[in-house]
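Along the sequence shown, residues are numbered consecutively beginning with 1. Keep in mind that the numbers below use all heavy atoms, side chains included, and drop hydrogens, waters and symmetry copies.
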Amino acid sequence: MPAIVIVGAQWGDEGKGKASDQLGAEVDYVVKFNGGNNAGHTVIVGEEKFALHLLPAGILSPGCTAVIGNGVVVDLNVLFEEIEELEGRGVDTSGLRISSNAHIIPSYNKKIDGANERLLGKRKIGTTGRGIGPTYADKMNRIGIRVQDLFDPSILRQKVEGALHQKNAQLASLDEDTFDVDVVTNELLAYADRVRPMLFNSSAELNRALDEGKTVVFEAGQAVMLDIDHGTYPYVTSSSTTAAGACTGSGVGPLRLDRVVGVAKAYITRVGEGPFPTELFDEAGERLRKVGGEYGTTTGRPRRCGWYDAVVARYAVRVNSLTDIVVTKLDVLTGIEQIPVCVAYEIDGARVEDMPENQSDMHHAKPIYEYLPGWSEGISDCQDFEDLPENAQAYILRLEELSGCRISSIGVGPERAQTIVRHRLLD
């Protein structure tokens, strides 16, 4: 059975949770390998709507082991709030596993995150203010706190003290309140007994599972255009959101991966600051936002909306070695007479079909559109590709051609069953 990586092929919020959730009944493990509670997945099961922030979508599939990998940064308070909410709605979370190497978001990093954004002013990144970036910075600076540190109070206190030596000096310079070492240490120790049953060696267990022929899905937070190395830097997240991040964030080697699936909306959105060539500032953008429900699962922020960008799609295919694309929210485009698709950029008067290497060029890129005929028929009840209106079929086939990768399934509504499968991902 395969190891499948599911990544966002745009700027996030593409519906990755729904894509991995659809595989849940046939999957043994779903692994979140990057990010934290700065991104959310909305999954609709029957009449129930679940908003997941830190937990992988596999938590909703009976018999599937949900894993928080070593590449994730964990806010323990958010984790247990989310667990309690799901348990209160009848979801069994007892099988959740957390890598002992995952880093913890301490309370002081949330304060640092907000202070940094205020300090940047007009140059702000547009973070969620949840301490994600500062925690990844601590990881690279080797002053981070890992889940395993909860079980050695002496070591934990030493690490908190070492981190606060820097953090308190920074906060004091910004006229912010500082933190007490013992208070922070005790806050973290309070979670130790609750976390202990969830701990496991993610690398060993996941590799063993693949050796035994089990199916493992690796679920990315955010998306390729927000990757710390390959995204629109500096307007990016602080982790590796591409398929390569599945390896570093879980301890599974690249030759174990069988399929890489990119999830893309039939249009495109982003949140926060940064370049966005196809962004709409008119009634068309408002329509996409309203009909598509384009508000952040975690933050509630309205998303910036634009037309499908094939330059971004081709880049996602290249950087991730995508084998398949899942297109979501095709139904949102129903009723639009002509649908623009960005096929290239104009930069300084020249046509550019590849993602610009220079960030300044990306800021100045103007979309070159191809216009495709729309459709007025409702498509939310369509079960097969041939059930779609001819123009909707033509739209998908053109996106497939422009993106350079097969489109394996198409979302025609928010529910689990509202998906047209052209190629099974587990075959």
Side-chain angles (χ1 to χ4, degrees), residues 8-14 122-126 222-227 229-237 241 262-292 294 301-320 322 325 327-330 332-333 336-374 391 394-405:
Q10 297 168 331
W11 271 285
D13 307 307
E14 302 95 345
K122 293 182 179 179
R123 296 181 293 110
K124 66 180 181 179
I125 305 301
Q222 292 86 37
V224 59
M225 298 304 292
L226 295 176
D227 184 84
D229 288 294
H230 304 291
T232 48
Y233 188 90
Y235 303 101
V236 293
T237 194
T241 64
V263 185
K265 285 175 182 166
Y267 48 101
I268 195 167
T269 64
R270 80 169 295 176
V271 294
E273 308 299 320
F276 185 8
T278 68
E279 183 172 11
L280 296 167
F281 301 95
D282 56 10
E283 292 181 2
E286 283 300 321
R287 182 197 181 281
L288 291 176
R289 185 175 298 110
K290 181 178 179 180
V291 177
E294 297 299 349
R301 288 187 293 182
R303 296 171 185 149
R304 300 158 65 188
C305 298
W307 301 119
Y308 188 89
D309 190 329
V311 180
V312 167
R314 289 192 291 269
Y315 181 66
V317 171
R318 170 160 58 89
V319 170
N320 291 286
L322 296 186
I325 292 177
V327 170
T328 61
K329 292 194 169 184
L330 183 65
V332 174
L333 300 182
I336 299 176
E337 188 174 346
Q338 278 197 320
I339 306 172
V341 175
C342 175
V343 297
Y345 299 149
E346 180 188 326
I347 302 174
D348 294 332
R351 181 185 175 101
V352 176
E353 297 192 357
D354 289 326
M355 182 61 60
E357 180 70 13
N358 188 304
Q359 188 66 29
S360 294
D361 288 342
M362 186 63 174
H363 278 278
H364 295 100
K366 298 178 181 179
I368 297 174
Y369 286 120
E370 177 179 308
Y371 294 85
L372 302 177
N391 286 349
Y395 183 77
I396 290 295
L397 294 175
R398 184 57 177 149
L399 295 193
E400 187 173 65
E401 181 181 17
L402 289 168
S403 304
C405 182

> Take atom CD in E283; do more than 12 heavy atoms of anything else shown fall under 6.0 Å from it?
Replying inline: no
> Between atom CG of L397 and atom CG of L372, what is the distance when rounded to the nearest 0.5 Å?
Replying inline: 11.0 Å
> Side-chain contact, heavy-atom cut-off 4.5 Å: R398 with Y308?
Replying inline: no
> So, for V317 and S403, which heavy atoms are closest and what is the spacing to 0.1 Å?
Replying inline: CG2-O, 3.5 Å
> I347 and P356: which non-hydrogen atoms are nearest, and at how many Å?
Replying inline: CD1-CG, 3.6 Å
> Taking side chain as C-beta onward, heavy atoms only, is W11 less than 4.5 Å from L226?
Replying inline: yes
> Looking only at heavy atoms, which two atoms of I325 and L322 are closest? And how far apart?
Replying inline: CG1-CD1, 4.2 Å
> Hey, what do you get for CZ (R318) to NE2 (H230), rounding to the nearest 0.5 Å?
Replying inline: 9.5 Å
> Where is the tightest heavy-atom contact between R304 and G272, given as atom of each residue plus distance?
Replying inline: NH1-O, 2.7 Å
> If you count the non-hydrogen atoms of other residues, nucleotides and ligands that lie under 6.0 Å from CG in D282, is the total more than 12?
Replying inline: yes
> Between K265 and I268, is any pair of side-chain heavy atoms under 4.5 Å apart?
Replying inline: no
>> Any non-hydrogen side-chain atom of V312 less than 4.5 Å from a side-chain atom of F276?
In response: no
> How far does OH of Y235 sit from CE of M225, to the nearest 0.5 angstrom?
Replying inline: 14.0 Å
> Roughly how far, to the nearest 0.5 Å, is the CD atom of E14 from the NZ atom of K329?
Replying inline: 10.5 Å
> Can you tell me if R270 uses its side chain to pair, donor with acceptor, with the backbone of D13 under 3.5 Å?
Replying inline: no
>> What's the separation between atom CZ in R287 and atom CD1 in I336, rounded to the nearest 0.5 Å?
In response: 4.0 Å
>> Between Y395 and V341, is there a side-chain heavy-atom distance shorter than 4.5 Å?
In response: yes
> Can you name the nearest heavy-atom pair linking A9 to A264, along with the distance?
Replying inline: CB-CB, 4.2 Å
> Is a side-chain donor or acceptor of R289 paired with a backbone partner of R303 at a separation under 3.5 angstrom?
Replying inline: yes
> If you take all heavy atoms of C305 and T269, which pair is closest and at what distance?
Replying inline: SG-CG2, 4.0 Å
> Taking side chain as C-beta onward, heavy atoms only, is W307 less than 4.5 Å from L288?
Replying inline: yes
> OG1 of T232 to CG of D227: how many Å apart, nearest 0.5 Å?
Replying inline: 10.0 Å
> With no hydrogens and no angle check, is any side-chain donor or acceptor of E279 less than 3.5 Å from a backbone partner on G285?
Replying inline: no
Report, one line per pair, each donor and acceptor closer than 3.5 Å where one atom sits in a side chain of residues 357-367; sequence neighbours left out.
{"residue": "N358", "atom": "OD1", "partner": "S360", "partner atom": "N", "Å": "2.7"}
{"residue": "H364", "atom": "ND1", "partner": "S360", "partner atom": "O", "Å": "2.7"}

>> Looking only at the side chains, is there a donor atom on one of Q338 and Y369 sitting less than 3.5 Å from an acceptor on the other?
In response: no
